[in-house]
Every structure is written in structure tokens, then in C-alpha cells.
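Here is the structure we will look at, set down as C-alpha cells.
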Amino acid sequence: MSASFSPRFDLHVHSTASDGLFSPGGVVARARARGLSGLALTDHDSVAGLAEARQKALEEGVVFINGVEISVEWRETSIHIVGLGFDAAHPELLAGLKATQDGRLERARRMDASLAAAGIAGTLVGALRHAARPAQISRAHFARYLVEIGRFADPGKVFEHYLTPGKPGYVPHRWATLSEAVGWIRTAGGVAVVAHPGRYRISHGQMRAFLGEFRDLGGEAIEVSSGSHMPGHVRRFARQARVFGFYASQGSDFHGGAETDLGAFAPLPEDLPPVWRLLGW
Ligand code: AMP
Ligand code: MN
Ligand code: MN
Ligand code: MN
């Protein structure tokens with residue numbers, strides 16, 4: 001037994017409150033069944049699932065941490081910032097999330113037009129059938145529809161040919177700025193975390209510039225271990241965490257599909273302070 005308490009937390013999880021396949025309560029039940037000690041629900045730009053998940057966590061006896069994953073545009077790259085442990089009723093945070101969400105439906109209409117011009121008609125209607133909340137319509141719902149109609153075998157393949165910069169179906173969007181996202185999270189008493197840093201297609205120099213800016217704005221943690229990371233990413237971002245003095249976070253980025261499951265990610269290196277120390281665990 002290790003002397004320090006090492007909870008099995010999954011701190012990056014989606015539900016039907018954004019683009020996940022499980023209801024907020026369903027995610028919590030699955031977390032318990034998978035033997036996790038606790039989780040944070042981190043839906044895209046939304047805290048709408050937190051109350052249901054928290055209630056279910058109480059019943060199931062698992063720790064629940066408020067979470068959100070905010071879509072940010074930084075130097076024309078889309079970057080995600082996870083917030084953990086904030087007051088989910090804070091007006092400034094809620095207003096910021098609403099402003100970030102607004103426009104998803106209009107963007108989806110333009111995605112539909114772009115895909116129609118590329119020869120695939122009716123994708124908005126199809127994608128909306130996969131979205132529990134129309135206002136939260138995302139590229140993931142379009143990808144599921146394109147899989148449903150047999151254009152591709154899985155969502156990952158869709159994103160290789162459609163929906164990404166330079167490809168049909170991609171429509172740029174004005175997301176939050178880095179300063180706004182970190183500010184809203186901190187104002188609401190939470191911890192700002194860089195989500196899945198291994199996913200961004202930016203140079204190592206740009207990554208260092210980004211992490212410096214994030215830290216200067218009050219960002220405190222980075223997902224060293226992510227279900228969407230490749231082997232090698234853990235070592236690389238553990239090093240960055242040490243250089244910048246960040247706490248380390250971990251999460252599966254579970255959406256309910258076959259790509260990753262709750263709790264499925266590599267362990268954090270033991271020398272790094274885990275982010276749950278900032279959250280009272
Ligand atoms: P949006 O917030 O509308 O820009 O949609 C982004 C979502 O699409 C992400 O949160 C993922 O769920 C999904 N996504 C993006 N890129 C990929 C990919 N390469 N493979 C599978 N899903 C992806
Ligand atoms: Mn998603
Ligand atoms: Mn993300
Ligand atoms: Mn995510």
C-alpha cells in the first residue's frame with residue numbers, strides 16, 4: 001500500500017448534456033461499475049448535467065466534482081480548457097458558457113450547407129437526431145450521422161476527411177478566448193486545466209508559448225494522462241508540468257463510444273502533484 005491516498009478519479013467525462021452518449025446519471029453509474037472512486041463531468045461549454053450527476057453520485061457513493069470543458073480559440077487553433085471544482089451557479093461563469101454555446105446551431109446550419117455543397121445533403125437534420133439538446137449540436141453529432149449512413153466506419157475516420165480545417169463541413173467559430181475561459185473558471189472558484197495537450201497540432205515552441213500564457217492567466221494544471229493521448233505524451237507533458245509548475249490531471253475523455261472507457265488512461269508519474277490536492281482530496 002502506498003502511504004498517500006491515491007483515488008481512482010476520472011476527471012474528463014462527457015454526457016448527453018453535450019456530445020456524450022450516456023445520460024449524466026448513466027455516466028455516474030458506469031463510473032461506479034468500473035470501480036472508480038470519483039469523477040468530474042466535463043461537458044462542452046455546459047454545466048447542465050451536473051445536478052443530475054451529483055445526485056446520482058450521492059446515491060452511488062462516488063465522489064463527484066463539478067466540471068466543464070470550455071472551447072477556446074488561441075492563435076487560430078481550437079484548444080479545450082477543463083474547469084474543475086467551481087461553483088456551478090456562479091453568474092459570470094454561466095454567462096460566459098452561454099455566450100460560448102450560442103451560435104452552435106447557426107454554425108451547424110453552415111456546416112450542413114458546406115457538406116451539401118460537397119454532395120452530402122440533409123446532414124443537419126440527421127445530426128440533430130443524435131443530439132439530446134439542439135443548442136449543443138457539435139461536430140461529433142455530424143460525425144455520428146455520417147457513420148450512421150455508412151459513409152465512414154467510425155467517427156475518427158470522418159474527421160480525417162470532413163469537419164476539420166480545410167475540409168468540407170468545417171466552419172470556424174468564435175469560441176472563448178483563453179483569458180475569458182481561465183477567468184470564468186477562477187472567478188467561480190475553480191481550477192483551470194489544459195485538456196488533452198497531445199491533441200493540438202501546434203509546434204513544440206507554440207505549445208510552450210501557450211502553456212506560459214495559460215500559467216500567467218492563472219491556469220494551474222494540465223492533463224498529463226488522457227484517454228486520447230498516445231504513448232509518449234505522458235512523458236512529454238509530465239516534463240512540461242514540472243517545467244511550468246503545473247498540477248497533473250487525468251481523464252478518459254469518455255463519450256460513450258468504443259474509443260475509450262471510463263478510467264482508461266495511463267497512471268500519472270508519482271513525483272507530480274495530482275490536481276485533486278487542489279480540490280480537497
Ligand atoms: P465541436 O465542439 O462542435 O467543435 O466538436 C468537437 C468534438 O468532436 C470533440 O469534442 C470530439 O467529441 C469530436 N472530435 C473532434 N475531433 C475528433 C476526432 N479526430 N475523432 C473523433 N472525435 C473527434
Ligand atoms: Mn466531444
Ligand atoms: Mn476536448
Ligand atoms: Mn472532452
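Note that the structure is a prediction, hence the values are computed from the model and not measured. Order of appearance sets the numbers: ligands from 1, and atoms from 1 within every ligand. Residues take their numbers from the sequence shown, with the count starting at 1.
- Counting only distance, with no hydrogens or angles, the side chain of E52 and the backbone of G25 share a donor-acceptor pair below 3.5 Å.
- With ring centers used as reference points, H233 lies 6.0 Å or more from H196.
- Taking 4.0 Å as the cut-off between side-chain N and carboxylate O, E220 and R215 do not count as a salt-bridged pair.
- Counting heavy atoms only, R139 comes closest to atom 6 (C) of ligand 1 of the residues R139, M111, E259.
- The pair R30-D261 counts as a salt bridge, with a side-chain nitrogen and a carboxylate oxygen less than 4.0 angstrom apart.
- Between Y162 and F152, the distance from one ring center to the other falls under 6.0 angstrom.
- The Mn ion (ligand 4) has an N, O or S atom of H14 under 2.8 Å away, backbone or side chain.
- No heavy atom of S71 sits closer than 4.0 Å to any atom of ligand 1.
- Where the criterion is an N or O separation shorter than 3.5 Å, residue side chain and backbone included, D19 meets it with respect to ligand 1.
- Under the 3.5 Å distance criterion, the side-chain polar atoms of S114 are left unmatched by any main-chain donor or acceptor of R110.
- Minimum-distance N/O/S atom of E69 relative to the Mn ion (ligand 4): OE1.
- Interface atoms of ligand 1 facing G156, defined by a heavy-atom separation under 4.0 Å, are 20 (N).
- The Mn ion (ligand 3) lies under 2.8 Å from an N, O or S atom belonging to H80.
- Considering only non-hydrogen atoms, atom 1 (P) of ligand 1 lies nearest to R107 out of R107, H44, E69.
- The residue among W175, Y170, F159 with a heavy atom at the shortest distance from atom 14 (N) of ligand 1 is F159.
- Here H12 does not reach the Mn ion (ligand 3): none of its N/O/S atoms is less than 2.8 Å from the metal.
- Taking the N/O/S atoms of H196 in turn, the shortest distance to the Mn ion (ligand 3) belongs to NE2.
- When you scan the N, O or S atoms of D253 for the one nearest the Mn ion (ligand 4), you land on OD1.
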